[in-house]
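By convention in this document, chain letters (A, B, ...) are assigned in the order of the sequence lines, proteins followed by strands, and residues within each chain are numbered from 1. Please read all numbers here as calculations on a predicted model, not as lab measurements.
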Amino acid sequence: MLTDSKQVESQIAAYVDTHAAEMISFLQQVVQFRSIWGHVDELGRLAGFLGSTLQTAGVRVDYWDSGTPGAPSVLGRVGRGRPERSLLFCGHFDVYPPSQSWSLDPFAGVIRDGKLYGAGSADMKGGTAAMTMAATVLSAIGQPTKGQVVVLAIPNHFEGGEGTRRALDAGLTANAGIVCEPTDLDIAAAQRGILYVKVRVRGVAAHTVATNLGVNAIEKARAVIDELRSHEFIRPNADEYGDQKIVNIAIIRGGVKHNIIPEECELTVDIRFSPSTTASAVMEDVQAALARIRQRDPRFVATAQAEETCLRNPRSPMAAAVHPFRDVLARVHRTFSGREPAVVCHPAWPDAPVLVGRGIPAVSYGPGSKLCYWDDEYVPIDEYLQAIRVYAATAVNWLNSESEE
Amino acid sequence: MVMVMSGPQAFAGDWSARAERRQGRLVDLLCDLIALPSENPPGNEGQVAEFLGQYVARSGAEVRLQEVLPDRPNLLATWRFGPGDAEDSGPVLALVSHLDVVPAPPGSGLFKPEIRDGRVWGRGACDAKGSLAAMMVAAECLQEATDLVRGTLVLAALMGEETGGLGARALVASGFRADAAIIGEPTDLTLVTAHRGKATRRVTFRGRAAHAAQAFLGQNAVVAAARFISLLAESEGQVPEGTGPRLPRRTQITPTVIQGGLEFNVVPAECRVDLDCRLALDTQLTDLEHLLNDTAQVAARPWPGMMVRVETVGKDRNPVDLGADHPLVHWAREVLARHGGSLELGSCYPAATDQGVLLEDGNPTFALGPGALADAHTDEESVAVVDLVRAVAIFAALAHDAFSGTAPPKAARRG
C-alpha cells in the first residue's frame, strides 16, 4: 500500500513536471477572464472554459444551477468507483473588481519572478485552476481506482458561498472536502465567522444654522465607530484561538444636503470573530456597545441589525476537528514539500463551514497568501503547481485507502 | 445731508388695521403659493413666478420676468408713485424674497397647506413664501395711500436662493439698484443687519484598501474621517494639539454629508465629508482654511500613507454687515416699534440669504420677515397668521414712509 502511494505520488509529480507549462498557461487564461462578481456573462464564459477543459481531459462534467442565472456552477467527476465515496474540491471563480491603484493590468496574468499577477489570482483562481488541473491529472493517470473525486467550481462565492449551498441542496454529497482557497499551503482547519452589521443612527434634521434644534446623525455615528474599535468591543475571547475580533468599518452613508443637519447615518461594519463565539453573541456585543453610548448620551438613537445576506447565508465560524483525511493531506503535503504543514485558523471565509454544516468534514488548503493585498495580487507559481500535486495525491491516497477500510 | 421729518401725516397710515382687514386674503394667498411646489433642487420656480405675476398685475404692477435659467425666472414687479419726472423719481425700495423652497420628503404632504392653531403649515410657510405673500399684500395695501409723493416699489421674487443665490446674482448683474432693500426671510420680524459668511468644504481622506480579514493592513479612510469630525468638534472647546488658530465662537462647522466605502469586506480607501461652515463677522476665510487643513492633517496622522484633500464646493460668501448705526436701521426700527415688530436688533442672521449678495453689491439691505428660522427646512414648517399680518403692516408702513417724503432711504444714500 505504501509502495502504491509512493508510486502514485511519483507518477503525479512527473506528470505535473511534464505538463507544467500548459498548467501555468491554463491559470493565465483563467485570470484573463474578467469574471468580476455579478458580471454574469463573463462568469458564464469562464464556467464554459473550465467545463470544456475538464471534458477534453476526460472528466465527466455537469453544469449546475448556482443560484445566479446565466452563470452555472461546474461540477466534474473523476474515478470509476462508487459515487457514495467521494472527496470534494471546492473553488470559486468570481473575483472582486480590482481597485484603480493596480500598478499592473489586473486581467493580463502577468508572470514575473515566479509569480502570476491578476485580480483574484490568489483569491482564488489559483486554487480553482489547481483543483481543475488535479482532476485532469487524475483522469490522465486513471486514478482514483476507488471512489470519486468531485470538483465544484462556483461563480458566486461572494454571496456567502451561494453556489456551494445550492449544490448541496441539490443533493451533492461527499465524505470529505477540501476548499482550495489561498492558505499559503497551510491547512486551515478552523476559520473565523463573519457578521456584517448595519447600524442606523437617527438624528433630527434641521437647518444647519439651527444646530440647537438638530441632532447630527453623522456626529453620533462617529461615537459608534469609536465604540466598535474600542478594546471593550474587540477584546479577545478566552479560547484556544485567542483572537480578538477584526473590525472593518466598511461603509458609511449619511446626510442628504449641504445645509441640512443629517437626520440619518448608516454604517456597515464587517466583524470577523473567533470560532469559539457565535454570530448571535457578536450581535449582542454590538447591542451592548450601542447601549454604552446611549448611557453616556441620552440623545443617541441607533438600531443595529445583521445584513440581509448574513441572515440568508450565515458566515458561521468553524472550529478545528480531527479527521483521517486531514492526516492524509498533511502527510502528502510533507511528502512533496519536505515540511510539516502549519494548521491554522483562516482569517477570511472560505466555504468550508458550509460543508461542515452539512456533515462533510472539510479544511481549506490552497496556493496564494491568506494575507493577499488588494492591489497587485499574485499567486506564486510553485505553490500553484504544488497544490495540483497535493490535491491529486491526497485524493488518490485517501479514496483508495478509505475504500479498503 | 437733508433729513426731512414731516409733521403729522396727511394720510392716516393705520397699516395694522388695513393689514388685518386682509387677513383672509393673505392666508389664502400663502396657501396658494405653498401649493405650487417650487422645490430647489431641481428648482422649478416658473409656475410660482407666473402665479405671482398675475396676482400683482391686478394691483397695477409692471411685471417683468428675468429668465435666469430655462423656466427658472426672477420675477420683478414695479409700482411707480408720484409724477415720475426725470430729475427725481424718488427712492427705490425693494422688497426681496425668493420663489424656491427646499425639497420636502416624498409623501410628507408639505405641499398641501393647512391652517390650524393660528398658523399656516407647509413647505415654504416661513422660508420664505410667508414673506412673499406679506410683501404682495403690502403692495396691494399701499395702493390705498393718497399721500405718496414719489418713489418706486420693486417686489423682487428671486429664484435659486436655496442653492447659493443664483437669482440674486443675476439681479445685481443686471444693474439692479435700490436705496433700501428688505430681504423677506424668517427673522421673527426682527431687523437683521449682518449676514454670516458661508463656505462649503469637501474633505476627502484617501487611505489604502485591504481585505477585511486583514483589516489591520489597510488604512481605513472612514475611521480617519470620523477622527477628523471628532477633532473638529473638540476644536470648538479647545484647540487640539498641533492645529491652527481657534475660530471665533460663533463660527460653526457642521458635517452634513458623509460617504465612504463600497464593499462590506474591503477596508474603505476613500471617505469624503462635506462641511457646512458659517463664518462669524470677525472670521476670515483664511482662518477657516487653516483650521480645516491642520485638523485634517492631525486626523490623518495615525496612518502614514493617508492622504487628505480639502476642496471648496460652490461659492464662498464672506460675512457682510450693513451696520447697526446705518440711518436705514434707525428708521426701520422706528417703523417696527409702531407696528408690533421686535425692537431688538438681530445682529447676525445665522443662515445664508440673498442679503449677502445685495449687500456685497452695495445695496443697503437688511432682512426682516415673519416666521422663525428654526421652523425653516423642517417637516413642521409653519408661520403664525398674526405675524403674517404684522409683516404686511410693517412692509406697507416702510414703503409709505419712504414714498411720502418722510423716510430716509434716498437721503441716507446720498448722505
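Minimum heavy-atom separation, A:Asn216 to B:Pro255: ND2-O, 2.9 Å. Across all their heavy atoms, B:Ala215 and A:Asn248 have their closest contact at CB-CB, 4.2 Å. In terms of heavy atoms, B:Thr256 sits closest to A:Lys257 at CB-O, 3.4 Å.
Heavy-atom neighbours of A:Arg200 CZ from other residues, nucleotides or ligands within 6.0 Å: at or below the threshold of 12. For CD of A:Gln305, the number of neighbouring non-hydrogen atoms (other residues, nucleotides, ligands) closer than 6.0 Å is 12 at most. For B:Met307, the CE atom sits in a loose shell: 12 or fewer heavy atoms of surrounding residues, nucleotides or ligands are nearer than 6.0 Å.
The contact between A:Val256 and chain B is made entirely by backbone atoms, counting heavy-atom distances below 4.5 Å. For A:Arg272, the part sitting under 4.5 Å from any heavy atom of chain B is the side chain, from C-beta outward, and nothing else. Proximity to chain B is limited to the side chain of A:Ile246, based on heavy atoms less than 4.5 angstrom apart. With a 4.5 angstrom heavy-atom cutoff, A:Ser99 does not touch chain B via any of its atoms. Proximity to chain B (any heavy atom under 4.5 Å) is restricted, for A:Val247, to the backbone atoms N, CA, C and O. Only the side chain of A:Arg229 comes within less than 4.5 Å of a heavy atom of chain B; its backbone N, CA, C and O stay farther away.
Here CG of A:Asn259 is found 9.5 Å from OG1 of B:Thr163. Values are rounded to the nearest 0.5 Å. The line from CD of B:Glu263 to CG of A:Asp270 is 11.0 Å long, rounded to the nearest 0.5 Å. To the nearest 0.5 angstrom, A:Leu195 atom CG is 11.0 Å from B:Phe264 atom CZ. Taken from NE2 in B:His211 to NZ in A:Lys370, the straight-line distance is 13.5 Å, to the nearest 0.5 Å. Once rounded to the nearest 0.5 Å, the distance linking CG of B:Leu262 with OG1 of A:Thr268 reads 11.0 Å.
For the set A:Ala205, A:Gly255, A:Ala348, A:Cys265, the entry with the most heavy-atom pairs within less than 4.5 Å of chain B is A:Gly255. The choice from B:Ala376, B:Gly260, B:Pro41, B:Pro103 that makes the most heavy-atom pairs within less than 4.5 Å of chain A is B:Gly260. Heavy-atom pairs under 4.5 Å with chain A peak, among B:Val223, B:Thr200, B:Val273, at B:Val223.
Chain B is approached within less than 4.5 Å, heavy atom to heavy atom, by A:Glu307 from residues 307-317 of chain A, ordered by number.
Using a 4.5 Å heavy-atom threshold, the side chains of B:Asn265 and A:Tyr196 count as touching.
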Atom pairs and distances, donor-acceptor, side-chain atoms in residues 217-225 of chain A, under 3.5 Å, two or more places apart:
residue: A:Lys220; atom: NZ; partner: A:Asp297; partner atom: OD2; Å: 2.6
residue: A:Arg222; atom: NE; partner: B:Ser230; partner atom: OG; Å: 3.4
residue: A:Arg222; atom: NH1; partner: B:Ser230; partner atom: OG; Å: 2.8

